[in-house]
Structures are given as structure tokens and as C-alpha cells.
There are 2 protein chains.
Amino acid sequence: MIASSTKSVYGLNIPASPKSRRSGVNGLSSAKRVKSSEKRLKPGRIHVVLTTLGREIAQEIIPAGAVLPPENELEARFGVGRGVVREAIKMLSGKGLVSVRPRHGTRVLPRRDWSLLDRDVLNWLVGEDQPDRELLLAIQEVRSIIEPAAAALAATRATKQDRQRINAALMAMEASGNQATATAADKAFHLAILDATHNPVLQGFRGAIDTILSAVFVVAVDSVAGWFEDNIPNHASTARAIDEGDATKARKAMERVLGLTHSQLSKKRVGAVRRDAEPRGSRSLRQT
Amino acid sequence: MIASSTKSVYGLNIPASPKSRRSGVNGLSSAKRVKSSEKRLKPGRIHVVLTTLGREIAQEIIPAGAVLPPENELEARFGVGRGVVREAIKMLSGKGLVSVRPRHGTRVLPRRDWSLLDRDVLNWLVGEDQPDRELLLAIQEVRSIIEPAAAALAATRATKQDRQRINAALMAMEASGNQATATAADKAFHLAILDATHNPVLQGFRGAIDTILSAVFVVAVDSVAGWFEDNIPNHASTARAIDEGDATKARKAMERVLGLTHSQLSKKRVGAVRRDAEPRGSRSLRQT
DNA sequence: AGCTCGCAATCATCCGATGTTAAATGTCCG
DNA sequence: CGGACATTTAACATCGGATGATTGCGAGCT
């Protein structure tokens with residue numbers, strides 16, 4: 001239920017507004033009567049358990065190989081019933097984050113086994129204050145493999161509507177005023193190209209690309225102000241090449257798009273404004 | 001209601017043999033065991049419900065947009081408790097196959113939203129008697145994008161062990177006697193290359209590639225007997241290029257590997273042992 | 001010492017009750 | 001007659017206690 005871009009199941013709009021959501025829902029105070037007179041959008045208990053555990057695993061607060069607490073302890077910790085804990089863990093295991101065996105507990109699997117292209121997993125990994133740089137670069141590397149090829153395919157296969165969609169996104173990028181609209185337009189552009197390949201497997205990357213672009217914006221934007229604007233011409237020539245049906249040109253143009261992004265991401269190393277969060281790992285958020 | 005409170009749950013085909021260890025498939029002793037998922041170990045009731053529903057959705061027995069029966073009906077149908085049904089559906093929703101909303105039922109999402117790179121989903125889609133040809137070709141298209149690039153990266157980054165692993169797999173391919181060992185060796189070869197990129201996101205494709213290769217073997221082998229052997233030289237030159245650190249050559253060689261596979265897959269159209277000739281709803285892939 | 005067996009921890013499943021959500025429908029008053 | 005509000009209701013969401021199954025590990029037997 002989390003993995004939905006257009007069909008918000010609960011009406012919970014968590015994604016784009018990264019407020020520190022340290023709401024103390026998971027206190028062990030239990031207090032069943034959460035019925036307090038407000039009708040706030042309640043993220044759902046399963047969702048809370050899922051994302052909390054997912055993030056703790058992704059951040060290696062619970063390292064690979066460790067076993068997480070038994071069901072009854074988790075029940076107590078989150079103040080939820082057993083079914084909730086089980087269903088949450090079931091989803092984690094479905095995404096390859098943990099393996100659960102009868103007498104041995106549920107143990108965290110090495111990252112090798114995670115579904116790294118799953119939208120939720122990616123979110124937990126990258127939706128942090130300071131996403132793992134290496135991971136971000138690895139993802140960009142994969143984008144540099146996928147997206148130029150996708151652009152080339154799109155140049156061959158795009159329908160009239162596909163082209164319109166791509167060009168509309170391009171115009172939205174040019175017209176974007178703030179970071180929010182810029183991010184949205186950029187995403188729309190890349191997703192439209194993926195869709196224009198008419199390859200369902202390639203379209204399956206939509207969620208991943210979407211998530212990644214958010215992270216890239218967060219990391220890149222505050223280091224290089226002109227990055228987004230500088231990259232618009234590359235986007236434009238990609239769109240033009242697809243319009244003309246020139247696969248090679250489209251591939252090259254998309255390579256330039258990603259090349260610029262990549263170089264911004266890499267150089268973020270030094271010129272950054274923030275000096276904090278450098279020592280990875282020992283963040284101070286830890287819950288017993 | 002359920003028959004009774006008896007413990008005759010073994011009415012299903014659940015072998016109660018705690019001793020029988022799944023061995024065999026791993027023909028190569030590459031000092032790394034093919035860590036099998038927990039699903040392999042034992043069917044389990046949840047697993048039955050999960051795979052049954054998953055397959056029915058994948059095969060469009062339950063079409064996109066339809067709502068599947070409510071929980072209590074599913075309980076009755078499978079003869080399991082509610083928790084089992086809920087956990088199974090939870091996993092389906094985690095893989096993007098269904099969206100579940102209170103009061104509205106759990107409805108099947110369009111294929112666009114599925115995690116097409118998820119191992120289980122792929123299995124359901126492709127592990128049927130008659131995998132969807134278009135899907136198989138779409139997947140091969142993605143492989144042709146990913147794997148040559150991966151080979152090129154591997155040529156740059158492979159460690160000595162990586163190279164040994166690749167060459168060991170190659171030798172196993174050459175020595176393979178039957179289809180089982182051939183499949184295993186071929187898989188090991190491609191997986192070793194993915195691993196040699198040292199890119200964790202690329203490594204995330206392991207499950208998908210693994211599953212796909214099984215499907216490809218099933219489909220391709222019975223149509224063209226010499227396909228596997230014919231492709232060994234291409235594999236060999238890929239391995240050699242990686243050994244020499246020649247990225248361009250590795251990419252080209254891998255392109256040839258996939259090109260041969262692709263052509264076999266395409267020509268499989270006729271001469272098959274298949275009895276059905278139904279077009280079977282040529283789904284989108286061409287028009288949204 | 002080595003092997004077997006039983007304990008206990010932990011997940012797996014069942015079950016019946018109750019809460020929550022939101023679509024559908026009915027009601028009432030202007 | 002018609003629209004705003006209340007009621008019904010079908011479905012999922014969660015709870016919590018009981019029971020079964022599996023298996024690591026150590027106690028006890030040979």
C-alpha cells in the first residue's frame with residue numbers, strides 16, 4: 001500500500017514533504033484509546049511498523065546477520081497486535097530484507113539480497129537526511145545504463161501522445177519556478193520517456209527512478225545552484241531527438257543529461273555547505 | 001465453515017519430510033553456496049495461497065481492475081485461517097499486484113504497477129507452461145541493455161576472484177552434460193558477471209536474471225537443440241575480454257551472447273510442441 | 001565421550017470479537 | 001422535487017489468547 005504513486009490508498013501523502021516525522025507513535029505507553037477527538041490521517045499501524053523497521057535495517061542500525069527482536073517484543077515496542085507485526089515482517093521478507101525461520105528468529109539478510117529496485121526499499125535507503133553516497137552513485141550508474149537505452153527505444157517507438165507528454169514535461173521544466181515544480185517536471189520527463197519505450201519491464205523502473213530523482217534533487221540542489229537550469233538544454237535535445245525519431249541522438253543526449261547529474265553528485269564531496277553527517281553509522285537515533 | 005478443528009491440515013501436498021534436503025542443482029562447487037530463499041525450504045500454507053493468487057493474477061485469470069473475493073471467501077477456498085490470507089495478500093500488495101482498500105475490496109492493479117523485477121512476480125509470470133512471449137522478449141530487451149554494460153563494468157572492476165568465478169562457470173558450461181547442469185552453469189556465468197561489477201544495484205538483478213534464464217531455457221532449448229552449444233564461444237570471448245580488462249570487447253561479446261539468445265527466442269514462434277494457438281490477448285506493450 | 005531425547009524459544013496458524021472506513025442508501029426538511 | 005445529512009453495511013484492520021510445529025541446545029543416558 002505504500003508503493004503507489006497515483007493511487008494513494010489511505011490518502012496518506014507522505015512522500016514529497018520530508019518533514020521530520022519523528023512522531024512518537026511507537027512509544028510503549030500503549031494506551032489503546034488513541035481515539036482522541038481528532039481524526040488525523042492515521043498512517044496505519046502496519047505502515048508505521050513496516051517503515052520503522054525498514055529504515056532501521058536500511059540504515060544498518062540493525063546490521064545484516066543480526067536477528068531482530070521476537071514478535072512479542074515488537075508487539076510491545078510498537079504497541080500493536082501480533083498480526084500487525086507479522087504482516088509487517090511478511091512484507092519485509094517479501095522485499096528480501098529479512099529471512100524468518102521458525103526457531104531462529106527473523107534475521108537481517110545482507111544487502112545483496114534486498115530488492116534494491118523496490119520503491120519502498122529505495123525510499124528507506126535513500127530517504128534519509130544524508131543518503132549513502134556510494135549507493136547514490138551506484139544508482140546513478142544504473143540510470144546511465146538504463147535511461148540512454150530507454151531514450152533510444154523511445155525515439156523508435158514513441159507515439160504521438162508519448163511525444164506530447166515528453167514535450168509537455170520539458171516545458172514544465174523550463175517554466176518551473178521553485179524546487180518542487182522543478183522536481184516534479186524532471187520526474188515527469190524521465191518517466192514519460194520510460195513509458196514511451198512501451199516495454200513493461202522498463203516501465204517497472206518508474207518507481208525507482210521516481211524515488212531516486214527525489215534523492216538526487218535533495219543532494220545536488222543545495223550544492224550547485226545552477227545545476228538544474230544547466231541541464232535543461234540536454235533535456236531539450238533529448239526530447240527533440242525522440243521527436244525526430246533519431247535513436248542515436250536521443251541516446252547521446254540522455255547520456256549528457258545523466259553525465260551532468262553524475263558530475264554534480266560526485267563533486268558534492270567538497271563544495272558542500274553541510275559538514276555534518278560525515279561519519280556514517282553512528283547516528284544518534286537509536287531506540288532500545 | 002472449515003471442516004473442523006482437526007489438525008488434518010496436511011490435506012495439502014505438504015511433504016512432512018524434515019530430512020530431505022534440496023540438493024543437486026548446484027553442480028559447481030564455487031565455494032559459494034547458492035543461498036536459497038526461505039521459500040524453497042518448505043511450501044507452507046501462506047506460500048500456497050500466495051503463489052496460487054499470484055499466478056492467477058499474473059495469468060490474468062483475475063484481470064486487472066477486478067476485485068478478488070473478500071477475505072472470508074478466500075479463507076474458505078483455501079481452508080486456511082484469516083491471518084494466512086491476510087499475510088498472503090499483504091505480500092501481493094507489497095509487490096504491487098493488488099491495492100487493498102477498506103470497504104472496496106482488494107483489486108488487481110494494472111501490470112504497469114507490478115514489480116516486474118521481483119523474483120516471485122517474474123516466476124508467476126514466466127513460470128507457467130506457456131510464458132507470455134511478448135513479456136519474455138521485453139525482458140530480453142532489458143537484458144540486452146543491462147548485461148553488456150555490466151560486462152563492460154566487470155572488465156574494469158573484476159577482482160581476481162571474480163575472474164576465477166567467471167572462468168569456472170565458463171568451464172562448467174563447456175563441461176555440462178545435461179540441461180540441468182547447462183542451465184546452472186549459464187546462470188552462474190551471468191550472475192558472476194553481475195557480481196563482478198561491484199555495483200549493489202546491478203547485483204539486485206540477480207534474482208531476475210536467474211528466473212529469466214530458467215524460462216529462456218525452457219522456451220529455447222526444445223526448439224533449437226544446438227543453441228546452447230553455439231553460444232558457448234560468445235560466452236568464452238566475453239570471459240576472455242573481462243580477463244583482459246577490455247571493456248569494449250566485453251560489451252560487444254556480451255551483446256553477441258544475448259543476440260543469439262534473442263534470435264532463438266524470436267524464431268521459436270513455430271516448430272514448437274505447443275498446442276495452443278490462441279493469440280491470448282496481446283496486451284498493451286504497444287499502446288497505452 | 002558420544003549420542004539421544006526433551007525442553008523451551010520462536011515462528012505459524014487459527015479463531016472470534018470489535019473497530020474503522022467509505023460507498024450506498026434512505027430520510028427529512030426547505 | 002431535490003439536496004444535505006443520517007444510517008446501514010460490506011469490507012478490511014486490529015486485537016489477543018490458544019495451540020501447533022520446528023529446532024537449537026543442553027541435560028542425561030549408555
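Not measured: the values here are computed from a predicted model. First the proteins, then the strands, lettered A, B, ... as listed; each starts at 1.
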Have Thr183(B) and Asp186(B) got a donor and an acceptor in their side chains that come within less than 3.5 Å?
-> no

Whole-Å distance, Glu87(A) CD to dG16(D) P, equals 15 Å

Residue Pro70(A), side-chain heavy atoms: nucleotide from dC11(C), dC12(D), dT13(C) that is nearest = dC11(C)

Measure the distance from CD1 on Ile46(A) to C1' on dT14(D) and round it to the nearest whole Å.
-> 8 Å

Sorted by position of nearest nucleotide on DNA chain D, 5' first, the leading residue of Val85(A) and Pro102(A) is Val85(A)

Check: Phe205(B) and Thr197(B) side chains under 4.5 Å, non-hydrogen atoms = no

In whole angstroms, the gap separating P of dC12(D) from NE2 of His104(B) amounts to 11 Å

Starting at atom CG of Leu50(B), determine the distance to atom C1' of dA12(C), rounded to an integer number of angstrom.
-> 15 Å

If only side-chain N and O atoms of Arg101(B) are considered, is one of them under 4.0 Å from the OP1 or OP2 phosphate oxygen of dA23(C)?
-> yes

How long is the line joining CG of Asn72(B) and C1' of dA13(D), in whole Å?
-> 14 Å

Between Ile89(B) and Glu75(A), which has a closest nucleotide on DNA chain D that is more 5'?
-> Ile89(B)

Mind calculating the distance between CZ (Arg103(B)) and C1' (dG19(C)) to the nearest angstrom?
-> 16 Å

Salt bridge Arg77(A)-Glu56(A), side-chain N to carboxylate O under 4.0 Å | yes

With heavy atoms under 4.0 Å as the rule, sort Gly83(B) into base, sugar-phosphate or nothing.
-> nothing

Rounded to the nearest Å, what distance is computed from the CD atom of residue Glu71(A) to the C1' atom of nucleotide dT14(D)?
-> 15 Å

Can you tell me if the side-chain N/O atoms of Arg86(A) get under 4.0 Å from OP1 or OP2 in dC11(C)?
-> no

Are the side chain of Lys95(B) and the backbone of Gly94(A) linked by a donor-acceptor contact shorter than 3.5 Å?
-> yes

Atom-pair distance (CZ on Arg82(A); P on dC11(C)), nearest Å = 11 Å

Judged by modelled atom types alone, do Thr181(A) and Asn178(A) share a side-chain donor-acceptor pair under 3.5 Å?
-> yes

Would you please confirm or rule out a distance under 4.0 Å between OP1 or OP2 of dT13(C) and any side-chain N or O of Arg45(B)?
-> yes

